[in-house]
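In what follows, a single structure is set out as structure tokens and then discussed.
Note: hydrogens, waters and symmetry copies are ignored here, and every other heavy atom, side chains too, is used. This one's a predicted model, so the numbers in the text were calculated from it and none came from an experiment. Start at 1 and go down the list; that is how both ligands and their atoms are numbered.
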Amino acid sequence: MSKEEKQALFKEAMGNYPTGVTIVTATTTNNEPVGLTVNSFASVSLDPTLVLWSIDHEVSSIKAFTEGGKFAIHILAGEQQELCKTFASKNVDRFSQCEWEFSANQLPIIQGAFAVLECKTFKTVEAGDHTILIGEVTDIQIEKKNPMLYHRRHFGAIPAEFYPIVTD
Ligand SMILES: Cc1cc2nc3c(=O)[nH]c(=O)nc-3n(C[C@H](O)[C@H](O)[C@H](O)COP(=O)(O)O)c2cc1C
């Protein structure tokens, strides 16, 4: 199989793998908030509580994530589709498009997510054109909302018949 053929099939296979969607945030050395849309997020370990995600070396704010020592992962709610696009778009003032505030750990926390996991960096691993960030979860907040689904470049909420929404 040629490299081009393999890469095309790889994109097709991975693009069809359904995921949730997150926004990962951090702060620059000037204490400015930065963030991007991420679906490479996964759970790793319960004891200690570890998660991972990977960042493309081309991401403008990469240093804030690889050198900052901490980040916040927002597992988006089904109704946050515009925010998901905003944090994947160039030339947009992302944090002017949402309600957010600094946490006690000085991490930018965006309102309205299904869950927020504040993490300190446990390990970084270089992997091809990405860096894998493994985070130890230090704080978790969960709202009674349904998370977002992403599949073949489409976003949506989990259908009610699949997982009835919690209303209380
Ligand atoms: C659904 C979705 C998932 C994404 N997942 C990742 C990811 O896991 N890692 C990554 O580096 N970029 C990911 N991206 C792309 C970044 O969000 C996008 O390139 C962003 O604009 C990068 O920030 P920058 O513009 O500041 O460079 C994803 C985009 C979308 C729409």
Side-chain angles (χ1 to χ4, degrees), residues 7-45 49-100 102 106-137 145-159 162:
Q7 287 182 340
L9 290 173
F10 180 80
K11 280 192 200 171
E12 175 74 8
M14 299 316 292
N16 275 284
Y17 180 60
T19 66
V21 186
T22 71
I23 290 175
V24 188
T25 60
T27 44
T28 65
T29 48
N30 296 330
N31 226 23
E32 297 290 331
V34 289
L36 71 155
T37 299
V38 162
N39 74 340
S40 54
F41 167 70
S43 168
V44 174
S45 159
T49 44
L50 302 178
V51 293
L52 68 73
W53 62 288
S54 60
I55 188 166
D56 191 317
H57 291 162
E58 298 296 321
V59 170
S60 61
S61 54
I62 187 167
K63 277 194 172 181
F65 293 99
T66 55
E67 297 176 12
K70 59 186 176 181
F71 47 85
I73 298 172
H74 305 70
I75 302 177
L76 296 186
E79 65 269 19
Q80 292 183 298
Q81 295 169 33
E82 281 308 312
L83 206 56
C84 170
K85 289 179 199 163
T86 300
F87 275 76
S89 302
K90 303 278 177 196
N91 306 318
V92 178
D93 181 0
R94 295 173 181 171
F95 286 86
S96 71
Q97 312 285 315
C98 60
E99 297 288 320
W100 68 276
F102 281 115
Q106 283 301 299
L107 282 166
I109 305 300
I110 298 167
Q111 304 301 306
F114 157 66
V116 181
L117 289 76
E118 290 187 61
C119 301
K120 62 179 180 185
T121 305
F122 181 82
K123 194 173 188 175
T124 60
V125 180
E126 290 305 309
D129 53 18
H130 281 58
T131 299
I132 300 167
L133 286 123
I134 302 173
E136 178 164 0
V137 179
K145 295 185 171 191
N146 278 348
M148 187 187 295
L149 280 182
Y150 180 71
H151 184 232
R152 296 179 66 159
R153 298 189 181 174
H154 292 281
F155 305 96
I158 295 179
F162 183 76

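When heavy-atom distances to ligand 1 are checked against a 4.0 Å cut-off, F87 comes that close only through its backbone atoms N, CA, C and O. When heavy-atom distances to ligand 1 are checked against a 4.0 Å cut-off, K85 has no atom that comes that close, whether in backbone or side chain. Residue S54 touches ligand 1 through its backbone alone, judged by heavy-atom distances below 4.0 Å.
Here is the list of ligand 1 atoms found below 4.0 Å of a heavy atom in S40: 7 (C), 8 (O). Heavy-atom contacts of N39 reach the following atoms of ligand 1: 3 (C), 4 (C), 5 (N), 6 (C), 8 (O) (cutoff under 4.0 Å). Listed by number with element, the atoms of ligand 1 under 4.0 Å from a non-hydrogen atom of K90 are 24 (P), 25 (O), 27 (O). The ligand atoms of ligand 1 that sit less than 4.0 angstrom from a heavy atom of S60 are 24 (P), 26 (O), 27 (O).
Within the 4.0 Å heavy-atom shell around ligand 1 one does not find W53. Taking a 4.0 Å cut-off on heavy atoms, H57 fails to register as neighbouring ligand 1.
For ligand 1, the polar-atom distance check against S89 finds no nitrogen or oxygen pair separated by under 3.5 Å. The distance criterion of under 3.5 Å between nitrogen or oxygen atoms is not met by Y150 with respect to ligand 1. Remark: ligand 1 and S61 share no N or O pair separated by less than 3.5 Å (distance only, no angle test).
The option with the heavy atom closest to atom 28 (C) of ligand 1, from among V34, D56, T37, is T37. Around atom 12 (N) of ligand 1, the closest heavy atom drawn from L36, I62, L76, I55 belongs to L36.
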Report all side-chain donor-acceptor pairs from residues 71-84 shorter than 3.5 Å, counting only partners two or more places apart or in another chain.
unit_1, atom_1, unit_2, atom_2, d
H74, ND1, I23, O, 2.9
H74, NE2, I110, N, 2.9
Q80, OE1, A77, N, 2.8
Q80, NE2, Q111, O, 3.3
Q80, NE2, G112, O, 3.3
Q81, NE2, G78, O, 3.0

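The shortest side-chain heavy-atom distance between V34 and R94 does not fall under the 4.5 Å cut-off.
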